[in-house]
Enquirer: 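One structure is given below, represented as structure tokens, and several questions about it will come after.
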Amino acid sequence: MKLFFGQIFPEILIDSDEQQHITKVLRMREGEEIFVTDGNGNLAKGNLIFEGKKVLLDVSEIKEELPNFSPKLHIAIAPTKNIDRIEFFVEKAVEMGISEISFILTEKTERKNISIDKLRKQAIGASKQSHRFHFPKVNDLTKFSDFMKNLDSENTFVAHCNENLKRISLNDIPKLENYTFLIGPEGDFSDKEIQLLADEGIKAVSLGNQRLRTETAGIFVAAWNYNKMF
């Protein structure tokens, strides 16, 4: 399946960057079959038409409201100092069906700025590569305190490394329709932040005996959720 990103309703429009990719990089020919998704569960099938510099679709079929992954997973993660590591996390987590990604500024977060547009494009690319028709939401960088305001303690969990505090195993988490996980920076969440989460009734989880790097912990949780989908 040759899958591209674009608009399905009210009319089918292939994204401008995708049009460039089709003509300049892939050098596809008129009449070739492609699929276009809007990332919201809708999919169009058809054949390419070239009108000057425009790339259009001669539609043969449209499928609406295709099923999404379940359970849904939202990971809030502190961006790493080395941006390549967070980009790696985004790519792999998207491939494993993550529904939403937030980037949080904690007390020990070393990287204070990220190119959110680049990460969103990366999420789109990974979605297409893995033939996803529901693209994950990628949120702006947010202060930890602001992110805390909208959390539901019933389905929110935090992975921290403080062995002196009670942490449950991932295997002990009940089956839910959606999960939110907080993953801290390289230096972990501060004691103050951990206590604030505990005061809000947010359960702490252990990801095993080994201390995982930030992006590895995020991918580990994404893989755990992926296994629940099947």
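On a predicted model such as this, the values are computed, not experimentally measured, just so you know. Throughout, numbering of the chain's residues begins at 1 and tracks the sequence.
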Enquirer: Kindly check if the number of other-residue, nucleotide or ligand heavy atoms within 6.0 Å of CD (E33) is above 12?
Expert: yes
Enquirer: Do the side chains of K45 and D58 get close enough for a salt bridge, i.e. N-O under 4.0 angstrom?
Expert: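 Looking at K45 and D58, the cut-off is not met.
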Enquirer: With no hydrogens and no angle check, just 3.5 Å: does a side-chain donor-acceptor pair link S99 and H74?
Expert: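 Short answer, no.
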Enquirer: What orientation do W224 and Y179 show, parallel under 30°, tilted 30 to 60°, or perpendicular over 60°?
Expert: perpendicular
Enquirer: Indicate yes or no: does E193 engage K108 in a salt bridge with an N to O separation below 4.0 Å.
Expert: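 Between K108 and E193 there is no salt bridge, as every charged N stays at least 4.0 Å from the carboxylate O atoms.
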Enquirer: Could you point out which residue of I98, L119, I77 forms a side-chain contact (heavy atoms from CB on, under 4.5 Å) with V90?
Expert: L119
Enquirer: In Å and rounded to the nearest 0.5 Å, what is the NE2 to CE distance from H21 to M28?
Expert: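 One gets 9.5 Å once the value is rounded to the nearest 0.5 Å.
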Enquirer: Determine whether F135 and N40 make a side-chain contact, defined as any pair of heavy atoms from C-beta on separated by less than 4.5 Å.
Expert: no
Enquirer: Within the supplied structure, the quantity of interest is the number of heavy atoms (other residues, nucleotides, ligands) at a distance under 6.0 Å from E32 CD; does it exceed 12?
Expert: yes
Enquirer: Hydrogens and angles aside, do Q195 and D191 bring a side-chain donor and acceptor to less than 3.5 Å of each other?
Expert: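 Side chains of Q195 and D191: no pair found under 3.5 Å.
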Enquirer: Taking atom NZ as the centre, does K128 end up with more than 12 heavy-atom neighbours from other residues, nucleotides or ligands that are less than 6.0 angstrom away?
Expert: yes
Enquirer: Could you check whether atom NZ of K112 has more than 12 heavy atoms from other residues, nucleotides or ligands sitting under 6.0 Å from it?
Expert: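 Buried by this count: over 12 neighbours within 6.0 Å.
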Enquirer: So with a 6.0 Å cut-off around CZ of F50, is the heavy-atom count from everything else above 12?
Expert: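 Enclosed: over 12 neighbouring heavy atoms sit under 6.0 Å from CZ of F50.
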Enquirer: Ignoring hydrogens and geometry beyond distance, is a side-chain donor-acceptor pair present between T109 and T106 at under 3.5 Å?
Expert: yes
Enquirer: Is it true that atom CD of E61 has more than 12 heavy atoms of other residues, nucleotides or ligands lying nearer than 6.0 Å?
Expert: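 Correct, the count exceeds 12.
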Enquirer: Which class fits the ring pair F144 and F189: parallel under 30°, tilted 30 to 60°, perpendicular over 60°?
Expert: tilted
Enquirer: Between K118 and E87, is the salt bridge (Lys or Arg N to Asp or Glu O under 4.0 Å) condition met? List the steps.
Expert: CA-CA 9 Å; K118 182 179 179 182; E87 290 176 356; 3.2 Å; yes
Enquirer: Should the pair E186-R85 be classified as a salt bridge under the 4.0 Å nitrogen-to-oxygen rule?
Expert: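 The answer is yes: the pair qualifies as a salt bridge.
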Enquirer: What I'd like to find out is whether the side chain of F147 reaches to under 4.5 Å of the side chain of L182, using heavy atoms alone.
Expert: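 F147 vs L182: side chains touch.
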Enquirer: Do the non-hydrogen side-chain atoms of P79 and L141 ever get within less than 4.5 Å of each other?
Expert: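 Result yes, sub-4.5 Å side-chain heavy-atom pair found.
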Enquirer: Decide yes or no on salt bridge (Lys or Arg N to Asp or Glu O under 4.0 Å) for K92 and E95, but give the supporting numbers first.
Expert: CA-CA 5 Å; K92 298 309 172 188; E95 288 176 5; 3.8 Å; yes
Enquirer: Kindly indicate, with the supporting measurements, whether the criterion side-chain contact (heavy atoms from CB on, under 4.5 Å) is fulfilled by T80 and E110.
Expert: CA-CA 7 Å; T80 54; E110 293 187 75; over 6 Å; no
